[in-house]
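Inspection log for the structure reproduced underneath, given as structure tokens.
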Amino acid sequence: MQCAPSQDRVVEQPHKKALINRIRRIEGQVGGVLNMIENDRYCVDILTQISAVKSALDGVAIQILSSHAKGCVRKAVQEDGGEETMEELLGIIRKLIR
């Protein structure tokens with residue numbers, strides 16, 4: 001993983017192809033939800049699919065968070081103690097668990 005200075009905010013994802021494939025599958029699931037709504041499907045079935053989409057997105061988030069912690073955060077801690085990076089990490093974790 002290549003970590004860029006925070007102002008650049010560009011980082012090469014180590015498992016980019018797998019992440020892209022997962023996001024494309026999620027896009028398909030969201031399209032399926034749209035079709036279900038357009039076709040007046042049963043509410044519980046729609047909600048079940050929405051739950052599956054949320055879980056899939058959570059999985060992608062965890063994978064990216066893990067790469068970030070093992071790469072950029074570790075590097076920042078080793079180089080300068082990583083206080084700012086740790087605060088940023090904790091902030092994003094707070095957002096993810098809401």
Side-chain angles (χ1 to χ4, degrees):
M1 165 177 280
Q2 296 293 327
C3 297
S6 60
Q7 65 269 20
D8 293 341
R9 301 282 184 203
V10 176
V11 176
E12 182 180 321
Q13 293 297 324
H15 304 289
K16 186 175 185 174
K17 186 173 180 170
L19 288 170
I20 290 169
N21 289 339
R22 289 179 78 173
I23 292 295
R24 288 199 174 127
R25 276 195 301 271
I26 293 167
E27 283 180 322
Q29 287 178 291
V30 171
V33 171
L34 176 61
N35 289 336
M36 293 174 80
I37 292 169
E38 290 175 338
N39 295 321
D40 299 319
R41 293 282 303 271
Y42 184 54
C43 297
V44 173
D45 293 340
I46 296 169
L47 292 168
T48 299
Q49 287 305 309
I50 290 171
S51 176
V53 169
K54 287 173 65 177
S55 292
L57 281 171
D58 285 345
V60 171
I62 293 295
Q63 186 174 353
I64 293 171
L65 181 64
S66 176
S67 293
H68 180 62
K70 291 176 182 177
C72 296
V73 175
R74 177 184 289 161
K75 181 178 177 184
V77 168
Q78 290 171 341
E79 288 178 356
D80 66 5
E83 287 300 318
E84 184 179 324
T85 304
M86 291 298 289
E87 285 303 314
E88 180 182 55
L89 177 64
L90 292 172
I92 197 63
I93 290 171
R94 282 186 210 95
K95 286 180 183 180
L96 286 170
I97 63 174
R98 287 187 191 156

Between Val73 and Met86, what is the shortest heavy-atom contact and its length?
CG1-SD, 3.5 Å
Please check if Ile20 and Val60 belong to a single hydrophobic cluster, counting links between Ile, Leu, Val, Met, Phe, Trp and Tyr side chain heavy atoms closer than 4.5 Å.
no
Mind checking whether Arg94 and Leu90 have side chains closer than 4.5 Å, heavy atoms only?
yes
Just by distance, do the side chain of Ser66 and the backbone of Ile62 share a donor-acceptor pair under 3.5 Å?
no
Over all heavy atoms of both residues, which pair between Ala76 and Thr85 is shortest? Give the atoms and the distance, please.
CB-OG1, 3.3 Å
Roughly how far apart are Leu19 CG and Arg24 CZ, rounded to 0.5 Å?
11.5 Å
CD on Gln49 to CZ on Arg41, rounded to 0.5 Å:
8.0 Å
Rounding to 0.5 Å, atoms CG (Asn35) and CD1 (Ile46) come to a distance of 10.5 Å
Spatial distance of atom CD (Gln78) from atom CG (Asp80) [nearest 0.5 Å]
11.0 Å
Donor-acceptor pair, side chain of Ser55 and main chain of Ser51, under 3.5 angstrom
yes
Enter the distance from Ile93:CD1 to Arg98:CZ here, rounded to the nearest 0.5 Å.
13.0 Å
Within the structure provided, determine whether Leu57 and Val53 are in side-chain contact (heavy-atom separation under 4.5 Å).
yes
If you compare all heavy atoms of Ser67 against all heavy atoms of His15, which two are closest, and at what distance to 0.1 Å?
OG-CD2, 4.4 Å
Is the closest side-chain heavy-atom distance between Leu96 and Asp58 below 4.5 Å?
no
So, do Arg74 and Val77 sit near enough that their side-chain heavy atoms are less than 4.5 Å apart?
no
Glu88 vs His68 side-chain heavy atoms within contact, under 4.5 Å
yes
Of all heavy-atom pairs linking Arg22 and Ala56, the shortest is NH2-O, 4.3 Å
